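Positions are given from 1, in the same order as the sequence printed here. Quick caveat: nothing in here was measured; it's all calculated off a predicted structure.
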Amino acid sequence: AEDQGVAPAPALAGTLRAYPNPFNPEVEIVFELANADEVSVSVYDIRGRLVRSLASARLAGGEHRWSWDGRGDDGRKVPSGLYIARVVVGATSSAIRITLVQ
């Protein structure tokens with residue numbers, strides 16, 4: 001039998017959202033998984049440097065919310081500016097721009 005080319009369901013069901021955006025002092029990163037999968041949630045600066053690792057775990061399907069308090073992995077507050085919240089699910093990723101205003 002020949003494969004009919006059925007595409008797998010997208011790992012992220014729906015869109016990656018962040019609110020409030022711009023934010024101070026905290027932003028909530030919201031996404032929905034189609035199925036249980038390995039997920040990492042991270043924040044990068046505009047130059048692509050890792051600022052904060054928020055999660056790295058196997059999560060169940062459904063909606064998930066992660067908060068970022070504007071602090072780096074070292075616990076210090078980061079400066080105002082543009083950041084990228086990135087969610088990696090299996091082999092796919094999605095990113096959204098978030099703005100910290102102090």
Side-chain angles (χ1 to χ4, degrees):
E2 201 172 302
D3 187 319
Q4 296 300 311
V6 177
L12 278 175
T15 57
L16 174 61
R17 305 184 308 276
Y19 58 87
N21 191 16
F23 72 97
N24 180 5
E26 195 166 274
V27 64
E28 193 164 75
I29 299 160
V30 182
F31 58 95
E32 191 171 332
L33 296 179
N35 301 293
D37 212 330
E38 295 294 324
V39 177
S40 71
V41 182
S42 306
V43 177
Y44 295 84
D45 68 16
I46 199 65
R47 293 192 177 112
R49 292 179 297 211
L50 180 65
V51 172
R52 180 84 178 266
S53 294
L54 297 174
S56 184
R58 184 165 182 85
L59 300 178
E63 187 175 89
H64 297 276
R65 297 166 179 266
W66 294 91
S67 293
W68 180 46
D69 61 3
R71 294 179 184 274
D73 277 334
D74 61 5
R76 297 197 313 227
K77 287 188 175 184
V78 298
S80 295
L82 184 62
Y83 294 87
I84 307 296
R86 184 171 181 228
V87 176
V88 178
V89 182
T92 63
S93 69
S94 187
I96 188 172
R97 291 176 185 217
I98 53 177
T99 304
L100 172 58
V101 179
Q102 296 191 20

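Separation of atoms CD1 (Ile98) and CD1 (Ile84) is listed at 8.0 Å; rounding is to 0.5 Å. Leu100 contributes atom CG, which lies 6.0 Å from atom CG of Asn24 (distance to the nearest 0.5 angstrom). Note that OG of Ser42 and CH2 of Trp66 are 11.0 Å apart. Values are rounded to the nearest 0.5 Å. Annotation: the span from Glu32 atom CD to Arg65 atom CZ amounts to 10.5 Å, rounded to 0.5 Å. Taking CZ from Phe31 and CD from Glu63, the interatomic distance works out to 9.5 Å, rounded to the nearest 0.5 Å.
Neither Val27 nor Tyr44 shares a network with the other; the hydrophobic side chains, linked directly or stepwise wherever heavy atoms of I, L, V, M, F, W or Y lie under 4.5 Å apart, form separate groups for each. Under a hydrophobic-cluster definition in which Ile, Leu, Val, Met, Phe, Trp and Tyr are linked whenever side-chain heavy atoms come within less than 4.5 Å, directly or via other members, Ile29 and Val88 are assigned to different clusters. Cluster annotation: Leu54 is not connected to Val30 through the hydrophobic network of ILVMFWY side chains, with a link wherever side-chain heavy atoms come within less than 4.5 Å.
The main-chain N or O of Arg71 is found under 3.5 Å from a side-chain atom of Arg52 such that the two form a donor-acceptor pair. Side-chain N or O atoms of Asn21 include one that pairs as donor or acceptor with a backbone N or O of Arg97 at under 3.5 Å. Ser80 places a side-chain N or O within 3.5 Å of a backbone atom of Gln102 that can act as its donor or acceptor partner. No donor-acceptor pair under 3.5 Å is formed between the side chain of Asp45 and the backbone N or O of Val51.
Here the closest heavy-atom approach between residue Val101 and residue Pro22 is recorded as CG2-CB, 3.6 Å.
Annotation: Arg58, atom CZ; neighbour count of heavy atoms from other residues, nucleotides and ligands within 6.0 Å is above 12.
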